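Input: a single structure, listed below in structure tokens.
Just so it is clear, the model here is predicted, and its values are computed rather than measured.
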Amino acid sequence: MASLITPDQFSANQDAEALRKACQGWGTNEKAIISILGHRSATQRKEIRVAYEQLYQEDLLKRLESELSGDFERAVYRWTLDPADRDAVLANLAIKKPETDYNVIIEISSVRCPEELLAVRKAYQLRYKCSLEEDLAQHTTGDIRKLLVALVTAYRHDGNDINEKLASSEANILHDAIKDKCFNHEEIIRILSTRSKTQLMATFNKYRDDHGSSISKDLLEDGTNDFQKALHVAIRCLNDPKKYFEKVLRNAIIGTGTDEDALTRVIVTRAERDLRDIMVVYYKKNSVPLEQAVAQETSGDYKTFLLTLLGKN
């Protein structure tokens, strides 16, 4: 379930006018910006952007960029983007880091449905004038490149039908490759990048039933390299994204320093989808409500905005 709370009645023009007023004068009214954008769906935010440009001949996103700063600005900007465009921005930022953040690429390509991933690739090409797979290939090498390009170019079957015989066969293929430490076996990449999520879940369950341990555990059993970690992330994203996102949040919050990028990414991308379910998983795992953990690790308008998306303001 989504955590986002939206109003029963909505006027894009009224919201655009209120946002304009919040950005005028001596100081920016951050509370007004949060109270509007933090309670609007993706469709409503898009309508507000269109209304704002028609009324004031100005891009709302550019105005927000100039009025806000820091983690708060980044969170509001990413939230206000269309979801596909936001994923394109997140992918580009991940690719252009000194060391490509392949977890973000795997997350986008493995969690989104086929149509959503196709929309991300189109948005990426429109924004950056090159394809997502082209940029990935340029900034990665070897087995990681093969895996990431295969995942982002996949167009999986999105149905719920399961072929039990195929699940058994491919569970054995995966087990044999992992047992022999052939983690870069082309069959592993083929299976992970082409099968439907429903079929993969059946394969992973068959793997556990037939071989006595989970594929995730076997992948990380005897030390790991970056490619094994990437495979592990892909399997977690494909098999149980809510548990995956809970761990991303936990790692972002717990430890030395808060990873605001990861914290923002999960909250803004999941608030309209399954963030309330992720919050339940987080509490079961950590015995602390996610909103309490976020409030302790953040401050100011950034904290208020994240708590609003969590449905707590």
Side-chain angles (χ1 to χ4, degrees), residues 1-2 42 83-84 87 91 102-124 132-133 136 143 146-179 182-220 227-228 230-248 266 269-270 272-278 280-281:
M1 290 178 62
D87 280 347
Y102 55 78
N103 284 13
V104 175
I105 306 299
I106 295 169
E107 182 181 304
I108 292 169
S109 59
S110 301
V111 174
R112 309 303 184 255
C113 75
E115 290 296 335
E116 289 169 340
L117 180 55
L118 185 60
V120 173
R121 292 171 63 196
K122 290 179 178 178
Y124 194 99
L132 174 55
E133 52 269 34
L136 265 177
D143 296 326
K146 292 177 186 176
L147 176 65
L148 296 184
V149 172
L151 288 172
V152 301
T153 55
Y155 191 84
R156 303 174 188 276
H157 174 54
D158 205 23
N160 293 319
D161 44 311
I162 295 172
N163 184 326
E164 295 288 356
K165 185 176 180 180
L166 182 66
S168 180
S169 169
E170 294 192 334
N172 288 332
I173 291 171
L174 292 170
H175 179 264
D176 290 345
I178 292 170
K179 182 182 68 174
C182 295
F183 303 110
N184 62 348
H185 198 293
E186 62 182 17
E187 286 292 271
I188 294 182
I189 294 176
R190 177 189 64 79
I191 292 167
L192 294 183
S193 63
T194 63
R195 296 302 183 201
S196 72
K197 294 177 185 178
T198 305
Q199 182 65 38
L200 284 170
M201 289 173 69
T203 299
F204 299 151
N205 288 338
K206 191 66 176 172
Y207 184 108
R208 185 189 60 241
D209 293 343
D210 287 355
H211 303 290
S213 61
S214 71
I215 184 172
S216 296
K217 183 179 179 182
D218 285 354
L219 264 175
L220 302 182
F227 185 64
Q228 286 169 258
L231 290 174
H232 185 259
V233 170
I235 289 166
R236 287 183 64 87
C237 286
L238 291 162
N239 195 40
D240 198 337
K242 290 169 189 174
K243 285 186 178 180
Y244 165 79
F245 284 121
E246 181 280 325
K247 187 171 183 181
V248 174
V266 174
T269 59
R270 308 315 298 177
E272 293 182 82
R273 296 175 176 271
D274 54 3
L275 188 52
R276 189 175 295 181
D277 300 323
I278 295 167
V280 171
V281 177

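When all heavy atoms of Ser196 and His157 are compared, the closest pair comes out as CB-O, 3.0 Å. Between Phe227 and Asp143, the shortest heavy-atom distance links the atoms CE1-O, 3.3 Å. The minimum heavy-atom distance linking Leu117 with Ile108 is given by the pair CD1-O, 4.3 Å. Nearest heavy-atom pair, Asn172 versus His211, reported as atom, atom and distance to 0.1 Å: OD1-NE2, 3.1 Å. Taking all atoms of both residues into account, the shortest heavy-atom contact from Ala202 to Ile162 is CB-CG2, 3.6 Å. Listed here is the closest heavy atom pair of Arg190 and Thr194: O-OG1, 2.6 Å.
Counted within 6.0 Å of NZ on Lys206, heavy atoms from surrounding residues, nucleotides or ligands total 12 or fewer; the atom is thus considered open. For Glu187, the CD atom sits in a packed shell: over 12 heavy atoms of surrounding residues, nucleotides or ligands are nearer than 6.0 Å.
With sequence neighbours excluded, the residues satisfying salt bridge (charged side-chain N to carboxylate O under 4.0 Å, His left out) with Glu107 are Arg265. In terms of the ring-ring contact (aromatic ring centres under 6.0 Å, His included) criterion, His185 has no residue partners (sequence neighbours excluded). In terms of the side chain to side chain donor-acceptor pair (under 3.5 Å) criterion, Gln199 has no residue partners (sequence neighbours excluded).
Ile178 places a side-chain heavy atom less than 4.5 Å from the side chain of Leu219. Proximity of Thr269 to Arg112: side-chain heavy atoms (C-beta onward) are separated by under 4.5 Å at one or more points. Counting heavy atoms from C-beta on, the side chains of Leu151 and Arg156 come closer than 4.5 Å. Two residues are said to be in side-chain contact when any heavy atoms from C-beta on lie closer than 4.5 Å; Tyr102 and Leu147 fail this criterion. Contact annotation: the side chain of Asp161 never approaches that of Thr198 to less than 4.5 Å [non-hydrogen atoms, C-beta and beyond]. Lys197 is not listed as a side-chain neighbour of Asp158, based on a closest heavy-atom distance of 4.5 Å or more. Counting heavy atoms from C-beta on, the side chains of Tyr244 and Val233 come closer than 4.5 Å. No side-chain heavy atom of Ser216 sits less than 4.5 Å from a side-chain heavy atom of Leu220.
The distance from the CZ atom of Phe204 to the CD1 atom of Ile215 is 5.5 Å, given to the nearest 0.5 Å.
Taking 4.0 Å as the cut-off between side-chain N and carboxylate O, Lys146 and Glu186 do not count as a salt-bridged pair.
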